[in-house]
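Below is one structure, written out as structure tokens; the observations come after it.
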Amino acid sequence: ALGGSLPAGPPDTDESPDPGGQPSSEPVPDARVALLLEAGCVVLDAGTDGSPRRVALMRAEADRQNARRRRARHDQLERRQAWLAQVVDRALPGPALWLARTAPEFPLPGPFAWDVVEAGDLARVPAGRYRVAVAPGDAAGGGGEAPAPLSVAELRQLVTVLEPGAWILVEGDPAADVLASDERTGGLLPAERLPSGPPCWLVRRRP
């Protein structure tokens with residue numbers, strides 16, 4: 001949804017009763033604004049009641065929604081950095097792969113030399129190149145459409161571009177089925193689920 005319109009009338013009123021039963025001059029938040037914003041609206045129409053109070057209420061609700069989304073995004077990036085620290089602490093420095101369309105919003109840790117590559121382009125990557133590979137569970141912080149979970153075929157291709165003993169970090173539940181079988185993936189050790197949520201899986205190529 002790109003836009004929504006609110007009908008006029010309550011709950012935006014100047015005479016809402018307070019707990020003591022007396023009229024209050026405080027505007028009453030309109031739950032319909034929150035529902036429209038949560039549905040994805042980016043343009044709101046105040047309908048026939050375009051009073052300054054009504055517009056201020058809508059603006060305040062939009063600010064609350066934006067602040068909540070920023071906090072959630074900040075928490076997500078911090079969580080990803082914590083997961084990433086666990087894999088780079090185990091790997092030897094060298095070439096590393098960020099498997100997404102765009103780089104993340106935070107700096108990728110050195111002394112690793114990071115390449116940003118989409119899963120569909122793995123066939124063009126030299127074999128045995130990387131010591132670390134990360135498959136993020138969303139669009140890597142660069143906006144746009146979230147990538148599909150790695151398929152078995154893509155994971156097999158990913159394994160071929162890794163050095164023996166290289167580490168893979170994969171976010172999201174769908175990857176668990178792919179990473180669970182060494183026979184299906186061609187040379188991976190059993191996956192380890194990192195103790196945090198949403199789920200994140202760490203697996204290693206056989207040395």
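- Arg204 contributes atom CZ, which lies 11.5 Å from atom CD1 of Ile168 (distance to the nearest 0.5 angstrom).
- The minimum heavy-atom distance between Ala166 and Leu162, with the atom names listed, is CB-CB, 3.8 Å.
- Here CZ of Arg80 is found 9.0 Å from CD of Glu105. Values are rounded to the nearest 0.5 Å.
- The shortest heavy-atom contact between Phe112 and Ala91 is CZ-O, 3.8 Å.
- No donor-acceptor pair under 3.5 Å is formed between the side chain of Arg205 and the backbone N or O of Gly187.
- When all heavy atoms of Pro207 and Leu189 are compared, the closest pair comes out as CD-CD1, 4.5 Å.
- Partners of Arg69 under the side chain to side chain donor-acceptor pair (under 3.5 Å) rule, at least two apart in sequence or in another chain, do not exist in this structure.
- Here Arg79 pairs with nothing under the side chain to side chain donor-acceptor pair (under 3.5 Å) rule; sequence neighbours left out.
- When side chains are defined from C-beta on, Val33 does not count as touching Leu57, because their heavy atoms never get closer than 4.5 Å.
- Residues Arg64 and Glu61 have side chains in contact (heavy-atom distance under 4.5 Å, counting atoms from C-beta outward).
- Qualifying side-chain contact (heavy atoms from CB on, under 4.5 Å) partners for Gln81, counting only residues two or more places apart in sequence or in other chains: Phe106.
- Minimum interatomic distance between Ala100 and Pro136 (heavy atoms only, all atoms of both residues): CB-CG, 3.8 Å.
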Quiz item: Between Leu99 and Val170, does a side-chain contact (heavy atoms from CB on, under 4.5 Å) hold up when you go through it step by step?
Solution: CA-CA 10 Å; Leu99 198 62; Val170 180; over 6 Å; no
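- In the hydrophobic cluster analysis, where Ile, Leu, Val, Met, Phe, Trp and Tyr join through side-chain heavy atoms closer than 4.5 angstrom, Leu77 is grouped together with Trp98.
- Counting heavy atoms from C-beta outward, Leu202 and Arg90 have side chains that approach closer than 4.5 Å.
- Residues Leu108 and Leu84 are in side-chain contact: their nearest non-hydrogen atoms beyond the backbone lie under 4.5 Å apart.
- The side-chain contact (heavy atoms from CB on, under 4.5 Å) test applied to Pro199 returns Asp173, Arg193, Trp201, not counting sequence neighbours.
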Which pairs would a plain distance check flag for residues 113-126, meaning a side-chain donor or acceptor within less than 3.5 Å of a matching protein atom at least two apart in sequence or in another chain?
{"from": "Trp114", "atom 1": "NE1", "to": "Pro109", "atom 2": "O", "distance (Å)": "2.8"}
{"from": "Asp115", "atom 1": "OD2", "to": "Arg129", "atom 2": "NE", "distance (Å)": "3.4"}
{"from": "Asp115", "atom 1": "OD2", "to": "Arg129", "atom 2": "NH2", "distance (Å)": "3.3"}
{"from": "Asp115", "atom 1": "OD2", "to": "Tyr130", "atom 2": "OH", "distance (Å)": "2.7"}
{"from": "Asp121", "atom 1": "OD1", "to": "Arg124", "atom 2": "NH2", "distance (Å)": "2.9"}

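- Take Ala67 and apply the side-chain contact (heavy atoms from CB on, under 4.5 Å) test, not counting sequence neighbours, and it matches Arg70, Arg71.
- Here the closest heavy-atom approach between residue Glu171 and residue Cys200 is recorded as CG-SG, 4.0 Å.
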